[in-house]
Amino acid sequence: MATKNQSLGEFIIEHQAAFPYSSGELSRLINSIRLAAKMVNHEVNKAGLVDITGSIGEINTQGEDQQKLDVFANDTFIRTLTNRQIVCGIASEENDDFITIEGNDGNHASKYVVLMDPLDGSSNIDVNVSVGTIFSIYRRVTPPGTPVQLEDFLQPGNQQVAAGYIIYGTSTMLVYTTGHGVNGFTLNPALGTYYLSHPNMQFPEDGRIYSVNEGNYVHFPQGIKDYIKYCQKEEGDRPYTSRYIGSLVSDIHRNMIKGGIYMYPKSSKASNGKLRLLYECNPMAFIAEQAGGKASDGHTRILDLKPEELHQRVPFICGSKNMVEKAEQFIQRIP
Ligand code: AHM
Ligand code: MG
């Protein structure tokens with residue numbers, strides 16, 4: 001039974017038994033992510049000091065090389081997961097190819113792969129806007145004990161065993177699901193401990209926020225243009241209000257709490273939109289559905305798409321169930 005103020009460590013131990021075939025490996029994996037996220041959080045929070053300590057690519061006053069934060073986040077997550085030998089493979093938005101982890105004994109013993117976007121929205125850091133880490137965990141499909149293969153990573157999102165995000169914002173939160181609802185934990189920076197602050201998060205069925213980069217409006221398909229006009233029209237509880245941070249984790253997190261829809265549609269500039277199926281859309285779709293929301297590409301459930309390549313992009317529409325369904329109606333009206 002999730003109790004508010006329970007620490008993430010206590011929560012993980014308490015819920016470990018709920019996993020089928022649990023050997024504690026998934027719990028240890030989430031624990032490693034929790035640790036890496038604390039290190040990244042520390043670094044992200046120092047970003048504003050960059051002018052004092054030396055800018056990226058320079059040597060700072062302590063004689064250390066300044067690393068770009070997205071590189072730092074990528075290295076930190078990969079190192080933490082590799083050192084703990086807790087996964088047999090990692091795919092990252094920052095790396096062209098996946099990484100094989102063989103373990104000290106060289107036997108590729110772990111059964112999980114992790115896919116991640118280590119620092120999403122990192123262009124926002126310079127202006128002090130919240131950024132996030134997104135992760136997605138699958139059980140490998142190739143035989144344990146052998147090196148991971150591409151097919152271990154190209155699984156449809158409906159095969160995820162866990163997914164989550166960390167938001168480095170006004171407070172730092174870790175939100176994740178293992179397929180039994182969504183829980184949010186807030187970091188107490190003084191203690192370095194995450195506490196359960198948002199048990200059993202629920203996407204409101206309806207909402208009044210729409211989040212889309214309207215700068216791309218003229219490039220959007222007619223169905224999306226029509227839906228945006230529908231949102232703006234004064235009728236019933238409309239017009240809706242527009243909120244777009246341009247940082248996926250923050251936009252989805254806000255909409256999950258307040259009710260709303262996030263859209264990154266295809267456009268005449270980008271035929272599949274911008275967001276990556278494996279690192280961004282699948283984990284967010286899993287979380288959204290576990291919270292009672294919905295995610296689609298306008299026609300098909302995101303979690304049912306069969307990935308064809310690691311860095312594949314897809315149109316992404318995610319949020320309150322009734323809003324996503326309404327947007328789909330507009331999109332599907334026009335062939
Ligand atoms: P990134 O992975 O290169 O950081 O890009 C992903 C980000 C998302 O966080 C955000 O929703 C989107 O790009 C914003 O894109 P745009 O500036 O085109 O609206
Ligand atoms: Mg990204």
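Note that the structure is a prediction, hence the values are computed from the model and not measured. As the structure lists them, so they are numbered: ligands from 1, and atoms in each ligand from 1.
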Could you pull out every donor-acceptor pair under 3.5 Å between side chains of residues 280-288 and any protein atom, sequence neighbours left out?
| from | atom 1 | to | atom 2 | distance (Å) |
| --- | --- | --- | --- | --- |
| Glu280 | OE1 | Arg276 | N | 2.7 |

Checklist entry - Tell me, which protein residue and heavy-atom name are nearest atom 4 (O) of ligand 1, and how many Å apart are they? => result Gly121 N, 2.7 Å

Item to check | Under-4.0 Å heavy-atom contact with ligand 1, by part of Glu93 that carries it | outcome: side chain

Next on the checklist: Parallel, tilted or perpendicular: which one describes the rings of Tyr279 and His311, with boundaries at 30° and 60°?
Outcome noted: tilted

Checklist entry - When you measure from the Mg ion (ligand 2) to each N, O or S atom of Glu93, which atom gives the shortest distance? => result OE1

Next on the checklist: Looking only at N, O or S atoms, which one in Asp117 sits nearest to the Mg ion (ligand 2)?
Outcome noted: OD2

Checklist entry - Identify the closest protein heavy atom to atom 15 (O) of ligand 1: which residue and atom is it, and at what distance? => result Lys274 NZ, 3.0 Å

Checklist entry - Would Asp120 count as a contact of ligand 1 if the rule is a heavy atom under 4.0 Å away? => result yes

Item to check | Per atom 18 (O) of ligand 1, closest listed option by heavy atom (Tyr279, Tyr262, Tyr244, Tyr264) | outcome: Tyr264

Checklist entry - Does Asn216 have any side-chain contact (heavy atoms from CB on, under 4.5 Å) partners at least two apart in sequence or in another chain, and if so, which? => result Asn213, Phe220, Tyr264, Lys269

Checklist entry - Testing Lys111, Arg139, Arg84 for salt bridge (Lys or Arg N to Asp or Glu O under 4.0 Å) with Glu25, which one passes? => result Lys111

Item to check | Lys266, NZ atom: more than 12 neighbouring heavy atoms under 6.0 Å | outcome: no

Next on the checklist: Give me the residue, atom name and distance of the protein heavy atom closest to atom 10 (C) of ligand 1.
Outcome noted: Gly246 O, 3.4 Å

Checklist entry - Any idea which N/O/S atom from Asp120 gets closest to the Mg ion (ligand 2)? => result OD1

Item to check | Heavy-atom neighbours of Asn128 CG exceed 12 at 6.0 Å | outcome: no

Checklist entry - Would Glu234 and Arg238 pass as an ion pair if we require N to O under 4.0 Å? => result no

Item to check | Considering only N, O or S atoms of Glu280, the one closest to the Mg ion (ligand 2) | outcome: OE2

Checklist entry - Side chain, backbone, both or neither: which part of Asp117 comes within less than 4.0 Å of ligand 1 when only heavy atoms are counted? => result side chain

Next on the checklist: Using the ring centroid of each side chain, check whether Tyr112 and Tyr138 are separated by less than 6.0 Å.
Outcome noted: no

Next on the checklist: Can you name the atoms of ligand 1, numbered from 1 with element, that are less than 4.0 Å from a heavy atom of Ser247?
Outcome noted: 9 (O)

Checklist entry - Do any heavy atoms of Glu280 fall under 4.0 Å from ligand 1? => result yes

Next on the checklist: Within the 4.0 Å heavy-atom shell around Leu248, which atoms of ligand 1 are there?
Outcome noted: 8 (C), 9 (O), 10 (C), 11 (O)

Checklist entry - So, is the end of the Arg34 side chain (NZ or CZ) under 6.0 Å from the ring centre of Tyr194 and within 45° of the ring's axis? => result no

Next on the checklist: Centroid separation under 6.0 Å, is that true for the rings of Tyr227 and Phe330?
Outcome noted: yes

Next on the checklist: Please work out, at 4.0 Å between heavy atoms, whether the side chain, the backbone, both, or neither of Asn213 comes within that distance of ligand 1.
Outcome noted: side chain

